[in-house]
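Quick notes on the structure that follows.
A note on names: the letters A, B, ... follow the listed sequences, proteins ahead of strands, and every chain is numbered from 1.
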Protein chains: 2
Amino acid sequence: MNSTIYETIKTLKRIAGEKNILYISSNELAKEMNVSQQTASRMIIELLDDKYIDRKMENRKQKIILMEKSLDTLYKELNDLYSILEINQSFEMKGNIKNGLGEGKYYISKKEYMDQFYDKLKIKPYYGTLNIKILPEYENILRQIRGAEGIHIEGFKDKERTFGGVKCFNAHIDGIKCFIIFPERSNYTDIIEIISDRYLRETLNLKDNDIIKINIDFNFN
Amino acid sequence: MNSTIYETIKTLKRIAGEKNILYISSNELAKEMNVSQQTASRMIIELLDDKYIDRKMENRKQKIILMEKSLDTLYKELNDLYSILEINQSFEMKGNIKNGLGEGKYYISKKEYMDQFYDKLKIKPYYGTLNIKILPEYENILRQIRGAEGIHIEGFKDKERTFGGVKCFNAHIDGIKCFIIFPERSNYTDIIEIISDRYLRETLNLKDNDIIKINIDFNFN
DNA sequence: ATTACTAGCACTCGAGTAG
DNA sequence: TCTACTCGAGTGCTAGTAA
């Protein structure tokens, strides 16, 4: 990971703030970063090439939009530091119960996944996932969790197709132990999937759109 | 700030863990960082030159000791990310009341400081500081606070000598508003100085060696 | 005003190798 | 084995300048 890329992302995010959008000339960016205008321009081109940012040339100044990959980079570094400095923190998110459409069920019930869940998570998951749409005010926490290592579940192939790797995080809802699972290669989404050895919908008496709180038991290292 | 220096510090700290001491050959370090042995060796020399680390050549492998400057660098980056990602966190430390020897009193009672305290902190401090020796388990939090920006108080000169800049952090003890003040150029110490418009020793009925809790009202930006 | 190409200088990297 | 020097190649910087 090239440093200048990282420094540029930091600078852009600092100026953009929460909206992740900013209007800035290469000259202004150059001054913020203490580099030449040419270097700032080159950095923007590199960030564009690598899909860290999107850009619209407007009349006066270019409009830069920070893509999810930029945020990932920053939260990844934050997690690195948490891990290295051995800072332990617990996280809490809230969201709405969503109807899962049975997709998660199809994936996790694959034997190759199930065997690994049993080995690595020490649970035999209920054949289905609980889907939660995270409330917007918790999205940055979600980003931070997504950026962490988690417990890795290997992908595999069957005759028809490839199933990607998954990473899992220890969590609990109302005292019931469960795991958040993320596909390792996927775009950002505010919907997370939960597995547990219990049928959570029934155990916790949940209905669609109920708001629930989920605690992540983060353990760096 | 050169990235490779930063990456090297991260790697060293990750391996060293809490003790901040590690035994590692340039070759091993090279593998950890995915660079050549020569580059790893060069990084170590640079870190030595810049006083980030200390080193003892032992029979088999060099013994590397991470100096305070390395930790500062990592906590500084953590603070940067907190600020950029607009993560607000409150901190709490505990420590023992210490006899201040009247030094703090001499410094802060200087008019040039006092005027700025009044302007920037909106208090007219009591003529003295409360000294607290932070308990070891809170030292990393102290490092993180020291690494942050704070409210800047300018240094100045009088006929005899130079008085350095100071940075201040909003805090409170038992609900009483106060400020932690750090000399801007000083070595790490586990003793912090507190100012307030109240005589805290009396207001809070404190005696030497009492253990107190201090809350830092951290406001990035 | 902008952005960004080109050219030349400077810095960094790793291979070879000395101590 | 270690650490770390030299040197050539490659990368990244800025100044000049085009569009």
Side-chain angles (χ1 to χ4, degrees), chain A residues 1-16 19-67 69-70 73-74 77, chain B residues 1-16 19-67 69-70 73-74 77:
Chain A
M1 164 79 195
N2 186 320
S3 119
T4 327
I5 289 274
Y6 175 69
E7 288 300 325
T8 311
I9 293 170
K10 271 177 66 178
T11 306
L12 291 173
K13 174 65 181 167
R14 179 164 54 74
I15 298 164
K19 296 184 307 301
N20 297 321
I21 291 174
L22 70 166
Y23 295 80
I24 195 169
S25 71
S26 54
N27 217 330
E28 288 168 328
L29 179 60
K31 275 168 194 150
E32 292 284 345
M33 300 185 62
N34 289 312
V35 293
S36 68
Q37 173 272 324
Q38 292 84 343
T39 296
S41 172
R42 188 162 40 78
M43 293 316 304
I44 290 169
I45 294 168
E46 283 180 36
L47 288 171
L48 278 166
D49 287 349
D50 296 346
K51 308 264 191 284
Y52 283 100
I53 61 173
D54 198 1
R55 174 171 69 168
K56 299 222 179 348
M57 290 303 216
E58 311 229 332
N59 280 358
R60 294 170 43 71
K61 290 174 190 172
Q62 54 194 338
K63 174 185 182 181
I64 290 174
I65 300 110
L66 291 167
M67 312 285 282
K69 191 174 178 184
S70 287
T73 303
L74 298 175
E77 188 63 28
Chain B
M1 163 82 197
N2 185 320
S3 117
T4 327
I5 290 274
Y6 175 69
E7 290 299 326
T8 310
I9 294 170
K10 270 177 66 178
T11 306
L12 292 173
K13 174 66 181 166
R14 180 164 54 74
I15 297 165
K19 295 184 309 300
N20 296 321
I21 291 176
L22 69 165
Y23 295 82
I24 194 167
S25 71
S26 55
N27 217 328
E28 289 168 329
L29 179 60
K31 274 168 195 150
E32 291 285 344
M33 299 184 64
N34 289 312
V35 294
S36 68
Q37 174 272 326
Q38 290 85 343
T39 296
S41 172
R42 201 183 39 248
M43 294 317 303
I44 290 170
I45 294 169
E46 283 181 35
L47 288 171
L48 279 166
D49 287 348
D50 296 346
K51 306 265 192 285
Y52 284 101
I53 62 173
D54 198 0
R55 175 171 69 166
K56 301 223 180 342
M57 289 304 214
E58 311 230 331
N59 281 357
R60 295 170 44 71
K61 290 173 191 172
Q62 54 194 336
K63 175 185 183 181
I64 291 175
I65 301 110
L66 291 168
M67 311 285 284
K69 191 174 177 185
S70 287
T73 303
L74 297 176
E77 187 63 28

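Considering CD1 of B/Ile65 and CD1 of B/Ile21, their distance stands at 5.5 Å, rounded to 0.5 Å.
Between A/Thr4 and D/dC13 there is a side-chain N or O to OP1 or OP2 distance below 4.0 Å. The side chain of B/Ser26 places an N or O atom within less than 4.0 Å of a non-bridging phosphate oxygen (OP1 or OP2) of D/dT3. Neither OP1 nor OP2 of C/dT3 sits under 4.0 Å from any side-chain N or O of A/Ser41. The side chain of B/Gln62 places an N or O atom within less than 4.0 Å of a non-bridging phosphate oxygen (OP1 or OP2) of D/dT3. Using a 4.0 Å cut-off, some side-chain N or O of A/Arg42 falls inside it from OP1 or OP2 of D/dC13.
Using a 4.0 Å heavy-atom distance criterion, A/Ser25 is classed as a sugar-phosphate-only contact. In this structure, A/Ile45 reaches the sugar-phosphate backbone alone: every heavy-atom distance under 4.0 Å involves primed, P, OP1 or OP2 atoms, never a base.
A salt bridge is defined here as a Lys NZ or Arg NE, NH1 or NH2 lying under 4.0 Å from an Asp or Glu carboxylate O, and A/Glu32 with A/Lys10 fails to meet this definition.
The minimum heavy-atom distance linking A/Tyr23 with A/Glu58 is given by the pair CE2-OE1, 3.7 Å. The minimum heavy-atom distance between B/Thr8 and B/Thr4, with the atom names listed, is OG1-O, 2.6 Å.
A straight line from CD1 of A/Ile64 to P of C/dT2 spans 14 Å, rounded to a whole angstrom. If you take CE of B/Met43 and P of D/dT3, they are 15 Å apart, rounded to a whole angstrom. Between the CD1 atom of B/Ile44 and the P atom of C/dC13 there is a distance of 14 Å, rounded to whole Å. Put simply, OH on B/Tyr6 is 21 Å from C1' on C/dT12, counting in whole angstrom units. Rounded to whole Å, atom P of C/dT12 lies 7 Å from atom CD of B/Glu46. As rounded to whole Å, 16 Å separates atom P of C/dT3 from atom NZ of A/Lys56. Rounded to whole angstrom, the span from the CD atom of A/Glu28 across to the C1' atom of C/dT2 amounts to 11 Å. Between B/Glu58 atom CD and D/dT1 atom P there is a gap of 21 Å when expressed in whole angstrom units.
Sequence order on DNA chain D of the closest nucleotides to B/Lys61 and A/Ser36 puts B/Lys61 first from the 5' end.
A distance-only check finds no donor-acceptor pair linking the side chain of A/Ser70 to the backbone of A/Leu66 [under 3.5 Å].
Residue-to-nucleotide contacts include a donor-acceptor pair under 3.5 Å from the side chain of A/Gln38 to the base of D/dG16.
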